[in-house]
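Note on naming: letters A, B, ... go to the chains in the order of the sequence lines (proteins, then strands), and numbering restarts at 1 for each one. All of these numbers come straight from a predicted model, not from anything done at the bench.
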Number of protein chains: 2
Amino acid sequence: MTTAHPAPRGTRPGGRTARTREAVLAAVFEELGDGGYPALSMEKIAQRSGVHLATLYRRWRCMEGLVCEALIDRSAAVPLPDTGTLPGDLRALAHAIGAFYGEPRMRGLIEAVVAAAARDPESATVLRSFFEDRLRTTGQMVDRAVARGELPADTDAAEVLAALGAPFYYRILIARRPVDRALAESAATAVWAAARAGAYTRARPADD
Amino acid sequence: MTTAHPAPRGTRPGGRTARTREAVLAAVFEELGDGGYPALSMEKIAQRSGVHLATLYRRWRCMEGLVCEALIDRSAAVPLPDTGTLPGDLRALAHAIGAFYGEPRMRGLIEAVVAAAARDPESATVLRSFFEDRLRTTGQMVDRAVARGELPADTDAAEVLAALGAPFYYRILIARRPVDRALAESAATAVWAAARAGAYTRARPADD
DNA sequence: TCATTAACGCGAGCTTGCTCGCGTTAATGT
DNA sequence: ACATTAACGCGAGCAAGCTCGCGTTAATGA
């Protein structure tokens, strides 16, 4: 979804451009390793990557744009499970997410990205559509479960997966404590129970 | 928990100090009204409050410290429900949180605070202990429910309330869509179902 | 292979964010 | 009431963040 653009007229995505892109995104990630987001700066990214400061600002406009692209780049790693049952799929995905954010650098990156979205509206819309897209993609496993009769027919797939992810972001951004395997386990069982109880159906009973 | 300090020796919390504090915190909140967090700056806060820029930096060190105090100040408004049953309490609290963050200025404030924690370690520890404290306080309603036999005996009260809050922060910070009453309803029913299923017990069955 | 022109390197310089020292105001103890 | 000294107002000035113009390098199409 991120790559494979039709290469707009009058642009040069190959060769040098791609190399500097890789160098810069890698530098962002490494830089998050020592010092985390508080220590991150365009200056340091420029130094580590060997790409000039002015180039960073020209291509990414600001640090916000840069960290957003870095997150989208890395997120391609998390796969979509298909174990045959929804609780199995939820559990597998939860542990994949847990492993993903267990990495300190990824934790730093998601912090950076949320801070970026808060400060820069353009980054906010980029991330909004990115997460929407991911919910749509991973939502397939819920749709399969509904087809198998594991869940109510009017279950909102996106809501289920938002509920699966929510505890991780709460842990990282609000509670600010480590992401461990127990969290993944808890998230998976909680969502499974809640979904079966109809907490994520589109038409819920009472309104007040 | 925030007020009622024993007034440390050689300090003057009364009169002028208190007035400027009120003026500044109010200015932060109002400033978040037009423009939100992206438009927030120490300069503007100084102008609106009539307090000099240097004073802001002296008392709060940086904008991070300022928004943290603003959040803590405002959060005193959310009460602890006691309806007699846990699902009732969860529902009441969920809707209170929903109303709280439905306000655009509060939404801007929580964004500001998370961004502050990401960038400034000192603010991060302040917020960490603040949210810990809130989980302990609101956890009482879960403890009561356990005493009534509504939930498993080894249920972790803090985990239950973290799970109740998580969807709101996900909605605000990640999905970036409006906080509505449906979200509160969904969160309450989901947590109730999950807690009954034992998703938040301290000793969970399988580990892998 | 060669012309065209994105994309980049470089450094001067502007802007914004923040600090510091000094004089003034007003809260607090006696 | 009066002396003491937090807390604040003020403006100069430093530093970090960011921009801009120009010359250079290398990707792309013919």
Please state how far atom OH in B:Tyr57 lies from atom P in D:dC8, giving the value in whole angstrom units. 16 Å
Check whether any side-chain N or O of B:Thr20 sits under 4.0 Å from OP1 or OP2 of D:dC8, and answer yes or no. yes
Counter-base of C:dC10, judged by Watson-Crick or G-U geometry with both distances under 3.5 Å: D:dG21
Quick one: do A:Phe130 and A:Ser75 satisfy side chain to side chain contact (heavy atoms under 4.5 Å, CB included)? Show the steps, please. CA-CA 10 Å; A:Phe130 166 70; A:Ser75 294; 3.5 Å; yes
Do the side chains of B:Val67 and B:Leu40 get nearer than 4.5 Å, heavy atoms only? yes
Does a side-chain heavy-atom distance below 4.5 Å link A:Met106 with A:Tyr101? yes
Rounded to whole angstroms, how far apart are CD on A:Glu64 and P on D:dC18? 8 Å
How many Å lie between CH2 on B:Trp60 and P on C:dG17, as a whole number? 18 Å
Considering just the side-chain nitrogens and oxygens of B:Arg19, establish if one lies under 4.0 Å of OP1 or OP2 belonging to D:dA7. no
Please tell me which of the listed nucleotides, D:dC20, C:dA7, D:dG11, lies nearest to the side chain of A:Thr17? C:dA7
From CG of B:Leu66 over to P of C:dG17, roughly how many Å is that when rounded to an integer? 14 Å
Rounded to whole angstroms, how far apart are CG on A:Leu53 and P on D:dC20? 14 Å
What does A:Arg59 touch in the nucleic acid at a heavy-atom separation under 4.0 angstrom: a base, only the sugar-phosphate, or nothing? sugar-phosphate
Applying side chain to side chain contact (heavy atoms under 4.5 Å, CB included) to B:Glu111 and B:Arg176, what does each step give before you reach the verdict? CA-CA 10 Å; B:Glu111 281 191 71; B:Arg176 307 204 133 255; 2.6 Å; yes
Establish whether the base of D:dA27 is bridged to the side chain of A:Arg16 by a donor-acceptor pair shorter than 3.5 Å. no
Can you tell me if the side-chain N/O atoms of B:Ser41 get under 4.0 Å from OP1 or OP2 in C:dG17? no
Can B:Thr83 and B:Arg91 be counted as having a side-chain donor-acceptor contact under 3.5 angstrom? no
Write down the distance between CZ (A:Arg58) and P (D:dC22), rounded to a whole number of angstrom. 13 Å
Could you give the CD-to-C1' distance, from A:Glu43 to C:dG17, as a whole number of Å? 16 Å
For atom CG of A:Leu56 and atom P of D:dC20, their distance in whole Å: 16 Å
